[in-house]
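Shown next, in structure tokens, is the structure this report addresses.
Basis for what follows: all heavy atoms, side chains included, without hydrogens, waters or symmetry-related copies. This one's a predicted model, so the numbers in the text were calculated from it and none came from an experiment. Note that ligands are numbered from 1 as they come in the structure, with each ligand's atoms numbered from 1 the same way.
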Amino acid sequence: MSPVPGKAVVRAPGRVNLMGDHTDYADGFALPMAIDLETRVAFRPTDDGRVRMRSATFHGLLDVAADGTAEPPTVDPPWGRLVAGVVCTLAARGRPPVGIDATVSSTVPAGSGLSSSAALAVSSALALLGAAAWTLPPTDIAVACQEAELLGTGVPSGIMDQLTSIRGVAGHALLLDCRARSVEPVPLPSAYAVVVVHSGLPRALADSAYAERHAAVTAAAARLGLPALRDARPEQVADDPIARHVVSENARVLAAVAALRAGDVGALRPLFAASHASLRDDFRVSTPELDRLVELLVEHGAVGARLTGAGFGGCVVAFVQRNHADDVTTKATRAYQRELGLEPHAFVVRAADGAGPA
Ligand code: GLA
């Protein structure tokens with residue numbers, strides 16, 4: 001979106017997760033990066049106490065009270081429910097009820113597991129804060145956006161997406177400790193590319209299955225008498241596939257960080273393979289199509305590939321030697337298309353800075 005004169009413009013990136021899925025809501029570790037696909041909100045403050053937002057992609061005008069008295073789940077158009085949620089969670093933190101006239105546009109594909117909703121929530125939050133000349137610490141903005149997701153859409157997401165969208169660092173993945181909500185940038189080797197491949201399979205039943213998994217993870221911790229599965233030892237979860245995934249995935253995140261810091265890219269290969277297998281067999285959030293796409297990417301030369309995000313369709317992520325990235329992805333996606341008759345879409349992403357003024 002080109003800036004409109006007289007308006008301010010803010011941006012918030014999507015994210016791809018390299019390692020550590022379904023660990024954030026167990027107080028665990030994850031290794032995502034903010035990407036060079038983003039949502040932008042162009043806005044100007046108004047004095048009528050209304051938050052009005054149009055979307056360049058979706059129909060309808062969002063028009064809610066800036067004081068957070070709207071009921072987000074009943075808001076029409078539906079894409080505005082998350083934004084209405086952000087209005088509420090910021091109002092609850094004391095944001096003055098200044099209105100905005102805003103337009104949102106995005107290059108983050110919706111419903112593909114690249115956190116288009118976190119990018120929308122975070123960019124809306126920055127516009128609302130900017131209009132009211134009011135600030136909050138970045139972690140509080142992330143938590144307000146996470147709460148808005150539950151309030152507006154009913155999805156009990158973890159903190160990974162929002163924290164990554166705010167705290168991204170160009171050229172780096174982020175080691176997230178989701179209990180401490182702390183972020184440590186981990187440099188990515190420039191000779192390797194991060195490739196995202198959309199499977200051509202829309203994410204199906206993702207929200208209900210996500211909430212079920214979340215509940216199962218919470219229940220497993222309660223059975224063990226622990227605050228969260230972050231605190232479980234491998235031998236305590238050996239017979240519980242759901243808990244076993246979380247515990248083993250946390251360990252893989254720390255191992256992947258150690259490998260990147262040591263410049264030992266080869267050590268990532270078994271970690272990617274084990275992560276995908278665990279999401280497929282223990283946590284059961286993969287599909288045959290994602291499994292095949294991952295296999296083909298590795299067969300054709302990726303260092304590693306795995307499903308990324310919540311699963312149930314959407315995207316896989318691959319780590320590939322940069323000068324072979326085109327070759328590997330072209331061969332793998334052609335074979336996938338031939339075998340499965342689905343239209344995959346591959347693109348290289350770069351690790352981007354977190355949200356801010358555009
Ligand atoms: C979605 C959620 C995140 C995280 C991932 C799975 O993206 O929004 O909080 O739980 O799924 O790792």
| Aromatic ring proximity Tyr210/His22, centre distance under 6.0 Å | yes
| query | By number and element, which atoms of ligand 1 are closer than 4.0 Å to a non-hydrogen atom of Gly158? | reply | 9 (O)
| query | Linking Ile, Leu, Val, Met, Phe, Trp and Tyr by side-chain heavy atoms under 4.5 Å, what else ends up with Val143? | reply | Ile159, Met160, Leu163, Val169, Leu174, Leu176, Val183
| message | Looking at Arg350 and Asp36, is there a salt bridge between them, counting it only when a charged N and a carboxylate O are closer than 4.0 Å? | response | no
| Are any of the N/O atoms in Asp24 less than 3.5 Å from those in ligand 1? | yes
| task | Taking only Lys NZ, Arg NE, NH1 and NH2, and the carboxylate oxygens of Asp or Glu, determine whether Asp326 and Arg322 approach each other closer than 4.0 Å. | result | no
| query | With only distance considered, is His22 within less than 3.5 Å of ligand 1 through an N or O on each side? | reply | yes
| request: Mark up the atoms of ligand 1 that fall under 4.0 Å of a heavy atom belonging to Asp21, in ascending order. | output: 6 (C), 12 (O)
| note | Met160 heavy atoms within 4.0 Å reach ligand 1 at atoms 4 (C), 5 (C), 12 (O)
| query | What is the nearest protein non-hydrogen atom to atom 8 (O) of ligand 1, stated with its residue, atom name and distance? | reply | Asp161 OD2, 2.7 Å
| Taking N or O atoms only and a 3.5 Å limit, does Arg15 qualify as a polar contact for ligand 1? | yes
| said: Check this for me - ligand 1, Gly20, N or O atoms closer than 3.5 angstrom, yes or no? | reply: no
| Judging by distance only, is a nitrogen or oxygen of Tyr25 under 3.5 angstrom from one on ligand 1? | no
| request: Return the residue, atom name and 0.1 Å-rounded distance of the protein heavy atom closest to atom 2 (C) of ligand 1. | output: Tyr210 OH, 3.3 Å
| query | Would you say the side-chain atoms of His245 and Ser278 include a donor-acceptor pair closer than 3.5 Å? | reply | yes
| request: Indicate whether any N or O donor in one side chain lies under 3.5 Å from an N or O acceptor in the other, for Arg81 and Thr153. | output: no
| request: Assess the side chains of Thr107 and Glu38: does a donor N or O sit below 3.5 Å from an acceptor N or O? | output: no
